[in-house]
Amino acid sequence: MRVNLTVNGRPAHAEGVWEGESLLYVLRERLGLFGTKNACEQGECGSCTVRLDGEPVCACLVAAGQAEGREVETVESLAGAAGLSAVQEAFAEAGAVQCGFCTPGLLMATDALLRREPRPAEAEIREALSGNLCRCTGYEQILSAVRLAAARRAEGAR
Amino acid sequence: MDFLRPATWEEALAAKAAHPEAVPIAGGTDLMVELNFGRRRPACLLDLGRIGELARWHREKGAVRLGAAVPYREIAAALGGPLPALAHAARAVGSPQIRNRGTVGGNLGTASPAGDAHPALLAAGAAVEAASVRGTRLIPVEEFFTGPRRNALAADELIRAVRIDPAGGPQEFAKVGTRNAMVVAVCSFALALDEAGRSVRTGIGSAAPTPRRAREAEEFLAGVLAEGGHWEDRRPPPPSAARRFAELAAAACAPIDDVRGSAAYRRHAVAVLARRTLDRTWTAYRGGERCA
Amino acid sequence: MNAPAAPGGFGGVGESAGRPDGRQKVTGAFPYASDLRHPDMLWGHTLRSPHAHARLLGLDVAPALAVPGVACVLTARDLPAATHYGLDLPDQPVLAEGRVRYHGEPVALVAADHPETARRAAALIRAEYAELPGVHDEASATAPGAPLLHPDRADRYAALVPHPNVVHRQPVRRGDLAAAAARADVVVAREYRVGMQDQAFLGPESGLAVPDGEGGVDLYVATQWLHVDRRQLAPVLGLPPAKVRLTLAGVGGAFGGREDLSMQAHACLLALRTGRPVKMSYRRDESFLGHVHRHPATLSYEHGATRDGRLTHVRARIVLDGGAYASSSPAVVGNAASLGVGPYEVPAVEVEALALYTNNPPCGAMRGFGAVQACFAYEAQMDLLAAELGLDPVEFRQRNALSEGSVMPTGQRVDSPAPVAELLRLVKERPLPRPRQWETRDSATGARRVEPRALPGGLGRASRGESVVRGVGYAVGIKNVAFSEGYDDPSTARVTLELSGDEPVATVRTAAAEVGQGGVTVQTQIARTELGVSRVVLAPPDTGIGSAGSTSASRQTYLTGGAVREACAAVRAEVLRRARERRGRPADGPPADGLRLAEGKVVTAEGEVLAGLAELLEAGPVTAEREFRHRPTRPFDPVTGQGDGHVQYSFCAHRAVVEVDTELGLVKVVELAAAQDVGRAINPRAVVGQIHGGSLQGLGLAILEELRVDAAGRVRNPSFTDYLLPTVLDAPSMPVDVLELADPHAPYGLRGAGEAPTLSATPAVVAALRQATGRALRRVPVRPEHLVGLAE
């Protein structure tokens, strides 16, 4: 089947999509957007987190056909013409990235959190990221990055 | 494989009647795992994501009519007042990403004994609105689960909504998982006190082939509360009664040993949760700490 | 890859410089192995055995070949050359022939135009099995008449093992044990068990094999060690090594799980057979079957001590389950044996460690490598002894702590700092976190508020504070750095300094696998510091240069860092020679003339600028290649275990603070404080990141992570639904103290850092759980059942 959707603000379409295919597969293998990662394909790691109509979801659990006509934002959308976003900068600087396989999903989850709640408390950050597994960092420097990004965004907004 | 995308509820019912083998998909949080891992190859998928009414809830004659595809995030955020146990359960589901997609309709459709919504629905006395081109029927939720991952729907039926009376007293939900987030329940328990009806209802999850009520425990506790005048004077039931309630809740379980936990632990934990939820709801009933 | 300096810094040694791949990793542009593609490629898939032990009676591949889109199906009969491979012993079939020995063993391969097609076709292969009785523990593996996993062993361990189902056995004996035991006032003897932990790296095993049209193949793959992959691959493909070229593709974590081959040979075989590029990428369930795990272990320990708190002796027997194939079991045995009493001075030691062949999943390298299992047991013993003696557990450890000059049970003298007592002091003296942080009172109304996210059970609301008890536990561990027992594991680096435009740029080329640990960052930092240039470019690691050795054993900063430093020193020497020549100084002038490179210039000892690098490089680039070795080690004596077997030791201590719901057995680790000596922190933030990550993996082993294998040897939970990794709501606060006591034998004085934190985290958490619950807890992972007394 054919699937039409908006990806990172631009119309995109995929032909020959198998009906049981996931949005993750379409993004990666049909649209060439490999930033969204395939670590478990069962919604248990968050590596494939994208925003679907604004909400963070696991792309592996969205049937491609369900994305018809919807807006999808992936990690590739975060950096603007001006360069990296505050969240990306903070992750790169604070040691939040080791192997980096979880990073795109964590960036999307963090981005969604800070859009909703610019000044999240510790417990809110942890809850918002509790669907994203990281095997390398022990999460401490990820939490530092989120706090750093929140502070910088608040500064920038002032 | 076909992929059907009905735009209206009527179209969905017609599609399901024409393709009884079609598997409905809403949040996809159960079904897509089966598809990704090649465990299921349905001939036809029926996407319910385009039917706006399914993703909405409203009050109808006092009850909450919860569209089958309202995501858990919305339930947790908006329905804590009328449906406290279900809202607590919704917040305990999977991860934020799963809560953004997963639905009560999907939980019911999968009918896993471990589904987080089920104990809360059982305790709240919910009714499942099952519809087909033949008409609509209301299935009391305790009659909905017919076996492990089996439910009472006919081949041409879809879940349209769940009707739940707002809480008539304090409600609690508690879930045991080995991990502190994103975990399948080892067991779970919900308790609802109904002040006006002087009744008690429970729901047990993941400790029997299907979600189920602990009816003897309910009757026992209701009896103790009535006989002791506890509803009126708000004194807590005696500790011996709380213990007996917990024992009866555990006795209602028929658990198995699996990688998530042993049968013995599940029985033990259900008893602990029963006692704790009773303690918490009664504290709330006395006007003490809120179960926030 | 060009590396950013830390903001405001030069990005040299000792700074928390940023990762050179950081920008690509936060934009999604970093190409992991699973992201590779080729316009003409096929997808490979592996058919695996559903049985742990069976005769493979027949394979009918015709139904798979008949599926449209299938290009090729391979079985053992199609193998062109060597049929077996292995890191140490070549005992593992590339594809099973006649017999399968573990659940998940590869049986056949399919290449097709879509991954789903390949999977479906593989499922159509008719494989006929006759199940055989299996061996799954020591008793069954060594029983009379036990089926032998490898009946015709002729390997170098075979003559020394007590039974053919023992891969390798290593005793360590020192001192007069009987006499020492007679001096003991207190003796404790217990048995401990460690479950099967999995590396659970997030990036699946993946690679792309591209035939070169001339009989050779290029493999782009996520691995820990390109050259050892090639050493095993070339004989299987029947090709000379030069025709098997490997290039590192992006690696999504490793932790030991990528040291063995997984899909490498399979993808190359399919590519060479079809003449088309073949990509293989495991799904999560296959990943759990497709790599080795941490050895499960049964450990029997007897410890003795005198009334004044001195250890008299340790007797230990460590049985590791190696599963169906050897992998790195022999080296794991060597570690367990030689490090089996921990970082303590013990006058008399009798340790026996062995690894079994069984029909369980093969086990091999995982972070901590044999030292993890032993540390769980000996640290539990130290707590028991302290309690028997009425001593504080930290004080008791400190009294017996190893220090510089101590002699290990292997007879090896510790000849660099070993601040074991100091590390314990650091974690102990930290203020304890405030109890019951989940509970607050509204200042106005006095109402109690509860934060479920900080409680055991989290948002499940199992506890709202009911039955929550705090416990505190301590542990310390010892890990070896780099390859031991006489192994020669050098690393090679080639450094070129040249002009790009008019700016000097250093290019560093090694075959070191970056698996996330930050090796690329430290290589960059070393080049900056040694050459005084800010722009450093790293060439992609491949087999076009000499081996870097494995990214494992906490060794890559030491070995490849050492190689980069030496290559840079050679480049620098040539640049300085050119400077002297140009300024009319003696060209081979004395090193004492104090010339150095700084900020792109040659500077004299007095700070005078002698020449700009740019002008010196106009004559052409300067290149040097160096191979770097650690000092040699020796094998352990097969009977006594004596020998200077290790290069360097690494130490870390932990204090765990837990809160346990004692009725439900749910756990919240509140804080896991660590102190570690790293000799020299080349990149302080990266070091702390390693300590955090290792600590959380240790926590995972303590309370969550176990690959469960049933009585018939089948893996029951190969998924992230039931193999539970810690989430951020399970992760404690992890304050870290880093000591930098230089090891005079190591480059920059550094001490390998990656593994030590994984060891002591587990026993510290379990010690805290024991204190909270009063239960013995002699098995990890501890499950809720154990904490409430419903299981032993």
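Values reported hereafter were calculated over all heavy atoms of this structure, with side chains retained and with hydrogens, waters and symmetry mates removed. Here is the naming used below: chain letters follow the sequence lines, and residue numbers restart at 1 for every chain.
- The heavy-atom pair separating A:A63 from B:F3 by the smallest distance is CB-CE1, 4.0 Å.
- Only the backbone of A:C40 comes within contact range of chain B, judged by heavy atoms closer than 4.5 Å.
- Looking at A:A128, only its backbone comes within 4.5 Å of chain B, counting heavy atoms on both sides.
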Distance-only criterion, 3.5 Å: which donor-acceptor pairs connect chain B and chain A?
from	atom 1	to	atom 2	distance (Å)
B:R5	NH1	A:E68	OE1	3.2
B:A26	O	A:Q66	NE2	2.7
B:N36	ND2	A:E41	O	3.0
B:N36	ND2	A:C60	O	3.0
B:D47	OD1	A:Q66	NE2	3.2
B:G49	O	A:R70	NH2	3.0
B:R50	NH1	A:E68	O	3.1
B:R50	NH2	A:G65	O	3.4
B:R50	NH2	A:Q66	O	3.2
B:R50	NH2	A:E68	O	3.1
B:R91	NE	A:E127	OE2	3.3
B:R91	NH2	A:E127	OE1	2.8
B:Q97	NE2	A:T49	OG1	2.9
B:Q97	NE2	A:N132	OD1	2.8
B:R99	NH2	A:E127	OE2	3.3
B:N100	ND2	A:P56	O	2.7
B:R101	NH2	A:Q66	OE1	3.3

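- Interface remark: A:L24 contributes no atoms to any contact with chain B (heavy atom separation under 4.5 Å).
- For a residue to count as touching a neighbouring chain, one of its non-hydrogen atoms must lie under 4.5 Å from one of that chain's; by this rule B:I25 touches chain A with backbone and side chain alike.
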